[in-house]
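What follows is a short report on a single structure.
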Amino acid sequence: MILQNNLSDDLWNVIQTHYQNGDYTGSIRDGFIYLTTIIREKSDLSGDGVDLINKAFSESNPKIKINRLESTSEIDEQKGIANMLRGCYQYIRNPRSHDKYEDNENDCLTILFLLDYIISKIKGSTGQFELSAFIQQVVDKRFVKTKEY
């Protein structure tokens, strides 16, 4: 399998050097650094790890919304991604950041594919303010997207 063809270009570019050198743990750490950067940028928050996840995906006032949060299923998806992220940071990222850890290639691939999936969902979500979300709320049928607006 050629990993480069199965990951998003952005994630591949971040982990490529470590992966090609056989440093699978380094690849995983780089993937988490990239994920954290995306969450910070999308939420306009600082912080790290579980604290960042709790603030960015807060149930009462999420800075990152995976969907419209209008149905029970959508609310469950929002809670689910927050729970997955907390678990990933605690179970996968933290041990590799705080202790000596040696991952094999298979574990690395599994984790990178999970990160790629989560990153794609976050990149497709709504952040603090996004023009596309605002435009969907415009009710004027004659609205034309121009610099003026």
Side-chain angles (χ1 to χ4, degrees), residues 3-4 6-19 23-101 103 106-149:
L3 182 60
Q4 179 179 2
N6 292 290
L7 288 180
S8 66
D9 291 340
D10 293 338
L11 182 56
W12 171 251
N13 290 335
V14 168
I15 61 99
Q16 176 181 8
T17 301
H18 281 125
Y19 184 82
D23 180 2
Y24 303 121
T25 303
S27 296
I28 293 167
R29 280 193 304 262
D30 289 347
F32 271 97
I33 291 168
Y34 179 59
L35 171 62
T36 302
T37 300
I38 290 168
I39 293 170
R40 286 177 183 152
E41 289 173 356
K42 197 84 164 172
S43 67
D44 199 28
L45 293 169
S46 57
D48 193 35
V50 172
D51 185 54
L52 174 63
I53 301 309
N54 289 340
K55 290 176 184 172
F57 294 90
S58 158
E59 285 188 40
S60 60
N61 184 27
K63 306 294 185 200
I64 299 174
K65 296 177 183 177
I66 296 302
N67 54 48
R68 301 186 115 192
L69 301 175
E70 292 177 351
S71 69
T72 301
S73 290
E74 289 176 340
I75 292 167
D76 286 348
E77 286 178 3
Q78 180 79 12
K79 290 177 185 177
I81 198 161
N83 288 333
M84 281 179 46
L85 284 164
R86 281 189 282 272
C88 285
Y89 274 85
Q90 290 175 319
Y91 182 69
I92 299 171
R93 189 209 63 168
N94 288 353
R96 287 158 181 82
S97 296
H98 303 296
D99 298 315
K100 184 166 174 45
Y101 214 94
D103 286 289
N106 192 49
D107 289 344
C108 177
L109 292 172
T110 302
I111 293 166
L112 290 176
F113 285 131
L114 176 62
L115 287 178
D116 198 41
Y117 175 76
I118 292 171
I119 288 167
S120 73
K121 294 302 177 189
I122 293 171
K123 281 187 167 185
S125 69
T126 305
Q128 283 293 84
F129 172 82
E130 293 186 7
L131 182 60
S132 61
F134 174 75
I135 289 173
Q136 289 178 353
Q137 296 178 14
V138 175
V139 292
D140 185 350
K141 294 180 181 182
R142 296 169 297 197
F143 174 77
V144 178
K145 182 180 172 185
T146 64
K147 282 187 173 185
E148 185 178 335
Y149 282 97

### Message
Keeping Thr25 on the side-chain end and Asp103 on the backbone end, is there a donor-acceptor pair under 3.5 Å?
### Response
yes
### Message
Let me confirm one number: the CD1-CG distance from Ile15 to Leu3, rounded to the nearest 0.5 Å.
### Response
5.0 Å
### Query
So, Thr37 side chain and Ile33 main chain: donor-acceptor pair closer than 3.5 Å or not?
yes
### Task
Indicate yes or no: does Asp116 engage Lys123 in a salt bridge with an N to O separation below 4.0 Å.
no
### Query
Would a distance-only check, ignoring hydrogens and angles, find a side-chain to backbone donor-acceptor pair under 3.5 Å from Gln78 to Ile66?
yes
#### Entry: Value rounded to 0.5 Å, distance of CG in Leu115 from OG in Ser120
11.0 Å
### Summary
Of all heavy-atom pairs linking Leu69 and Asn67, the shortest is N-OD1, 2.8 Å
### Task
For atom CD of Glu59, decide whether the heavy atoms of other residues, nucleotides or ligands shown that lie under 6.0 angstrom number more than 12.
no
### Closest non-hydrogen atom pair, Leu114 against Cys88
CD2-SG, 3.7 Å
### Task
Drop me the distance from Ser27's OG to Leu112's CG, to the nearest 0.5 angstrom.
6.0 Å
### Summary
Quick note, ring-ring contact (aromatic ring centres under 6.0 Å, His included) partners involving residues 31-65, not counting sequence neighbours, are Phe32-Tyr89
### Task
Would you indicate whether the side-chain heavy atoms of Asp9 and Gln4 approach each other to under 4.5 Å?
no
### Query
Under 4.5 Å between any side-chain heavy atoms of Ile119 and Ser8, yes or no?
no
### Query
Hey, does the side chain of Arg93 reach the backbone of Arg29 with a donor-acceptor pair shorter than 3.5 angstrom?
no
### Message
If I compare all heavy atoms of Ile53 with all of Ala82, which pair ends up nearest, and what's the gap?
### Response
CG2-O, 3.6 Å
### Query
Do side-chain atoms of Asp23 reach the backbone of Tyr19 as a donor and acceptor pair under 3.5 angstrom?
no
### Message
Does Ser73 form a side chain to side chain donor-acceptor pair (under 3.5 Å) with Ser71? I'd like the steps, not just the answer.
### Response
CA-CA 5 Å; Ser73 290; Ser71 69; 4.8 Å; no
### Query
Out of curiosity, Leu35 CG to Leu52 CG, how far, rounded to the nearest 0.5 Å?
8.5 Å
### Message
Are Asp44 and Lys63 packed together at the side-chain level, in the sense that at least one heavy-atom pair is separated by less than 4.5 angstrom?
### Response
no
### Query
Quick one: are Phe113 and Asn6 in side-chain contact, heavy atoms under 4.5 Å?
yes
### Query
Are side-chain heavy atoms of Arg86 and Asn54 found at a separation under 4.5 Å?
yes
### Message
Looking at Asp76, I want to see if its CG is surrounded by more than 12 non-hydrogen atoms of other residues, nucleotides or ligands under 6.0 Å.
### Response
yes
### Query
After noting the C-alpha distance and the side-chain angles of Ile122 and Leu85, does the key distance pass the side chain to side chain contact (heavy atoms under 4.5 Å, CB included) rule?
CA-CA 11 Å; Ile122 293 171; Leu85 284 164; 4.1 Å; yes
### Message
How long is the straight-line distance from OH of Tyr101 back to CG of Asn94, given to the nearest 0.5 Å?
### Response
11.5 Å
### Task
Look up atom CD in Glu41 and atom CD1 in Ile64, then write down how far apart they are to the nearest 0.5 Å.
10.5 Å
### Query
Does Arg96 use its side chain to pair, donor to acceptor, with the backbone of Ile28 at less than 3.5 Å?
no
### For Gln16, side chain to side chain contact (heavy atoms under 4.5 Å, CB included) partners two or more places apart
Trp12, Asn13, Gln20
### Task
Please test Arg68 against Glu74 for side chain to side chain contact (heavy atoms under 4.5 Å, CB included), starting from the C-alpha separation and ending with a verdict.
CA-CA 7 Å; Arg68 301 186 115 192; Glu74 289 176 340; 4.0 Å; yes
#### Entry: His18 side chain reached by Asp30 side chain, heavy atoms, under 4.5 Å
yes
